[in-house]
Enquirer: 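One structure is given below, represented as structure tokens, and several questions about it will come after.
The figures that follow rest on heavy atoms only: side chains count, while hydrogens, waters and symmetry mates do not. In listed order, ligands and their atoms are each counted from 1.
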Amino acid sequence: MNGPQMTAVTNVPADRRRAAEALLEETPKLLFIDGRFTDSKAGGRIPVTNPATGQIIAEVAEARAEDIDTAVAAAARAFTQSEWNRLTPSRRGTLLWRLADLLEQHADDFALLETLDNGKPLSLARGDVDASVEVFRYYAGWAGKVDGRSVQPVSLQGWQAITVRQPVGVVGQIIPWNFPLNMASWKLAPALAAGNTVVLKPSELTPLTALRLGSLIERAGFPAGVVNILPGYGQSAGSALAHDRRVAKVAFTGSVATGQAVATAALASLTRVTLELGGKSPNIVLPDADPRKAIDGICKAIFTNQGEVCTAGSRAYVHASIFDEVAAGVEQEAVNLRVGDGLAPETQMGPLISGGHRTRVHGFVERAQQSGALINAGGEIPEGNGFYYPPTVIRDAAHRSEIVQQEVFGPVLLLTPYETESQLIGLANGTDFGLAAGIWGNDVSTILRLADQLQAGTVWINGYHAVDPALPFGGWKSSGWGRELGPDALDHYTETKSIYLANA
Ligand code: NAD
């Protein structure tokens, strides 16, 4: 650890605190099943904690296997028997657009609630809401465009053919706690645009914005049972959803280990599965990069959202010729970053999601230090309430070591110099992950050559963390199966049927 211990910013304006309390009060706390908020059958409760204070701020109903069973039955009924399957695609698009409008109207409320539940700075939470609105609008536009093709058979005489794309049926969706509302929008929007019905299980750690979205879904006019939202624990509710044979497709975002469990559960019934998993993304600084931009870019890539981002640029590879300057700048910026309650206006980075997660993150840092790595900023758990952890910068970690190979999912950055392009590619591609990468520099040929060789679902050049609904998002290698966003997501929510017509 370098420098004095971090002190968290906690001066939340009183009016903001009151607004947050009022919102909490009126946010639904029950399960959203078949168009109504209803209690769980066993009456279990999930305590919801504000990571900035460590205090329990709400209790929501806990879905168990029997509630998932009821919700899947409602979704199956809605798929086959409700007005949903008779709605024109244009009408489905209108409902999605209306949901986007409602979310936009209540954006401030959703942002406040997300910060209370997840801890992220309010401005970031507001950005998540705006991004979610865009996702619903983008797929509203797709609802009437999920077309098949007219195909000319190549080996048959007297036949014509068309393909049609149809919804798969009931979709089970399981999401994590780092972008609760945003992940819900990525999952719900394409599934609904394609005409499916959904059972969504938010993370037990962050159920509030998803439940509030349930009220907007009701107000937007979606028929009962089309969307069901059930917070619950992974081992019970999540597992029940992944195992349910009536579910035609499971879409999962979370850790690699849970993704493997979900895929294994789905295997028994050959349920379709898409997985958005972890990452250990390289962020590369070329010798001709502007050092100032690279410093800011490296910090943004790792410290945004407390580093609890699947695409976090957790491994910075900086050309040896500018390494000292860039590394010193990054370490200084890390120490200067204001960590605190996401509701406090000066806060730039919030607390981690839970005490347990903070212990896990710190364990990685301690083991890295024990194995010889140098901690040049952060690296110590501060005193006081809340699950704060300082921006942490590590040099000299061995490539094969745990800290380089595994996802920490916190504000922990590795800085490594490189000399040659081939050495760089070996390091950058040298983990099991392949979610994202960043490149900072000016020489277009070098940049394109590198972008071509990087094993990653997304490559950012002279920027980081830009995500647009029109572009597919997903991982290579252990970072996942399939793609979300873009037209690509719709492929996972439809089955294609070939129809042959004899014309003689
Ligand atoms: P997690 O795997 O612990 O939990 C994710 C979800 O799965 C939660 O809703 C949880 O309740 C549920 N779950 C847990 N056990 C289950 C089981 N046995 N069966 C079914 N469901 C189960 O992940 P997390 O800690 O919530 O989120 C962090 C992880 O998510 C990180 O690894 C991160 O990289 C990943 N992530 C990936 C992306 C992406 O798009 N690739 C985006 C965000 C987060």
Enquirer: Would you check whether Asn178 has a nitrogen or oxygen atom less than 3.5 angstrom from a nitrogen or oxygen atom of ligand 1?
Expert: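 Not met; the criterion fails.
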
Enquirer: Ignoring angles and geometry beyond distance, decide whether Thr258 reaches within less than 3.5 Å of ligand 1 through its nitrogen or oxygen atoms.
Expert: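 Yes, since at least one N or O of Thr258 sits under 3.5 Å from an N or O of ligand 1.
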
Enquirer: Please check whether Trp186 reaches ligand 1 - meaning an N/O of the residue sits under 3.5 Å from an N/O of the ligand, judged on distance alone.
Expert: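 Checking ligand 1 against Trp186, no N or O pair falls under 3.5 Å apart.
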
Enquirer: Which residue pairs pass the ring-ring contact (aromatic ring centres under 6.0 Å, His included) test when at least one of the two sits in residues 173-204, sequence neighbours left out?
Expert: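 For residues 173-204, and leaving out neighbouring residues, the ring-ring contact (aromatic ring centres under 6.0 Å, His included) pairs sorted by first residue read Trp177-His357, Trp177-Phe409, Trp186-Phe473.
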
Enquirer: Could you tell me which residues satisfy side chain to side chain donor-acceptor pair (under 3.5 Å) with Glu218, sequence neighbours excluded, listed by chain and number?
Expert: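 Side chain to side chain donor-acceptor pair (under 3.5 Å) list for Glu218, sorted by chain: empty.
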
Enquirer: Any atom of ligand 1 sitting under 4.0 Å from a heavy atom of Gly480?
Expert: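 For ligand 1, residue contact (heavy atoms, under 4.0 Å) with Gly480 is absent.
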
Enquirer: Under the 6.0 Å and 45° cation-pi test, does Lys249 pair with Tyr493?
Expert: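 Yes, Lys249 lies over the aromatic ring of Tyr493.
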
Enquirer: When only distance counts, is Ile175 in polar contact with ligand 1, meaning an N/O pair under 3.5 Å?
Expert: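 Yes: some nitrogen or oxygen of Ile175 is under 3.5 Å from one in ligand 1.
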
Enquirer: Given that the side chain starts at C-beta and the backbone is N, CA, C, O, which of these parts of Leu205 lies under 4.0 Å from ligand 1, counting heavy atoms, or is it both or neither?
Expert: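 Neither; no heavy atom under 4.0 Å.
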
Enquirer: Suppose I only count heavy atoms of Gly238 and a 4.0 Å limit; which atoms of ligand 1 are within that range?
Expert: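 Listed by number with element: 19 (N), 20 (C), 21 (N).
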
Enquirer: Arg245 and Ser269: side chain to side chain donor-acceptor pair (under 3.5 Å), yes or no, with the steps?
Expert: CA-CA 6 Å; Arg245 288 177 163 265; Ser269 47; 4.9 Å; no

Enquirer: Do any nitrogen or oxygen atoms of Val256 come within less than 3.5 Å of a nitrogen or oxygen of ligand 1?
Expert: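 No; every N/O pair is 3.5 Å or more apart.
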
Enquirer: Is it the case that atom CD in Glu26 sees more than 12 heavy atoms from other parts of the structure closer than 6.0 Å?
Expert: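 Count over threshold, so yes.
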
Enquirer: Would you say ligand 1 has an N or O under 3.5 Å from any N or O of Tyr233?
Expert: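 Between Tyr233 and ligand 1 (N or O atoms, distance only) the closest approach is not under 3.5 Å.
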
Enquirer: For ligand 1, indicate whether the residue Glu308 contacts it via side chain, backbone, both or neither (heavy-atom separation under 4.0 Å).
Expert: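 Under 4.0 Å from ligand 1, Glu308 contributes no heavy atoms.
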
Enquirer: Donor-acceptor pair, Asn196 side chain versus Val168 backbone, under 3.5 Å?
Expert: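 Here the side-chain-to-backbone pair exists.
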
Enquirer: For atom 10 (C) of ligand 1, which candidate among Met183, Gln173, Glu204 provides the closest heavy atom?
Expert: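 Going through Met183, Gln173, Glu204 one by one, Glu204 has the nearest heavy atom to atom 10 (C) of ligand 1.
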
Enquirer: Can you confirm if the NZ or CZ of Arg137 lies within 45° of the ring axis of Tyr139 and under 6.0 Å from the centre of its six-membered ring?
Expert: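 Judged by the rule, Arg137 and Tyr139 form no cation-pi pair.
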
Enquirer: Mind listing the closest non-hydrogen atom pair of Leu490 and Thr494 along with its distance?
Expert: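 The answer is O-OG1, 2.8 Å.
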
Enquirer: Is the backbone of Ile394 close enough, under 3.5 Å, to the side chain of Asn376 for a donor and an acceptor to pair up by distance?
Expert: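 Not at all, since once roles are kept as given, no pair shorter than 3.5 Å links the two residues.
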
Enquirer: Regarding ligand 1, does Glu484 bring an N or O atom to under 3.5 Å of one of the ligand's N or O atoms?
Expert: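 No.
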
Enquirer: Does ligand 1 have any atom that is closer than 4.0 Å to a heavy atom of Phe179?
Expert: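 No, Phe179 has no heavy atoms under 4.0 Å from ligand 1.
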
Enquirer: If you compare all heavy atoms of Arg315 against all heavy atoms of Ala428, which two are closest, and at what distance to 0.1 Å?
Expert: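 Looks like NH2-O, 2.8 Å.
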
Enquirer: Protein heavy atoms near atom 4 (O) of ligand 1, is at least one of them under 4.0 angstrom away?
Expert: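 For atom 4 (O) of ligand 1 the answer is no, since every protein heavy atom stays at 4.0 Å or beyond.
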
Enquirer: Would you say Gly475 touches ligand 1, if touching means a heavy atom closer than 4.0 Å?
Expert: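 The answer is no, since Gly475 has no heavy atom less than 4.0 Å from ligand 1.
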
Enquirer: Taking 4.0 Å as the limit for heavy-atom contacts, which would you say applies to Val262 with ligand 1: side chain only, backbone only, both, or neither?
Expert: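 Side chain only.
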
Enquirer: For Thr253, which part has a heavy atom under 4.0 Å from ligand 1: side chain, backbone, both, or neither?
Expert: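 Looking at Thr253 and ligand 1, atoms from backbone and side chain both fall under 4.0 Å.
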
Enquirer: Answer side chain, backbone, both or neither: which part of Cys310 comes under 4.0 Å from ligand 1, heavy atoms only.
Expert: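 The part of Cys310 near ligand 1 is both the backbone and the side chain.
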
Enquirer: Would you please indicate yes or no on a ring centroid separation below 6.0 angstrom for Tyr418 and Tyr317?
Expert: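 Ring-ring flag for Tyr317/Tyr418: false, centres at least 6.0 Å apart.
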
Enquirer: Need the ligand 1 atom indices (1-based, order shown) with element for anything under 4.0 Å from a heavy-atom of Trp177.
Expert: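 The atoms of ligand 1 under 4.0 Å from a heavy atom of Trp177 are 24 (P), 25 (O), 26 (O), 27 (O).
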
Enquirer: Between Ser255 and ligand 1, does any nitrogen or oxygen pair lie at a separation below 3.5 Å?
Expert: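 In this structure, Ser255 places an N or O atom under 3.5 Å from an N or O of ligand 1.
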
Enquirer: Are Trp84 and Thr197 packed together at the side-chain level, in the sense that at least one heavy-atom pair is separated by less than 4.5 angstrom?
Expert: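 Side chain of Trp84 against side chain of Thr197, heavy atoms only: contact under 4.5 Å found.
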
Enquirer: Would you check whether Leu277 has a nitrogen or oxygen atom less than 3.5 angstrom from a nitrogen or oxygen atom of ligand 1?
Expert: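 By distance alone, the answer is yes.
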
Enquirer: Please assess Phe387 against Thr49 for the test side chain to side chain contact (heavy atoms under 4.5 Å, CB included), listing each intermediate value before the final yes or no.
Expert: CA-CA 11 Å; Phe387 309 129; Thr49 303; 4.0 Å; yes

Enquirer: Classify the contact between Leu435 and ligand 1 as side chain, backbone, both or neither, using a heavy-atom distance cut-off of under 4.0 Å.
Expert: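 Contact part for Leu435 vs ligand 1: side chain (C-beta onward).
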
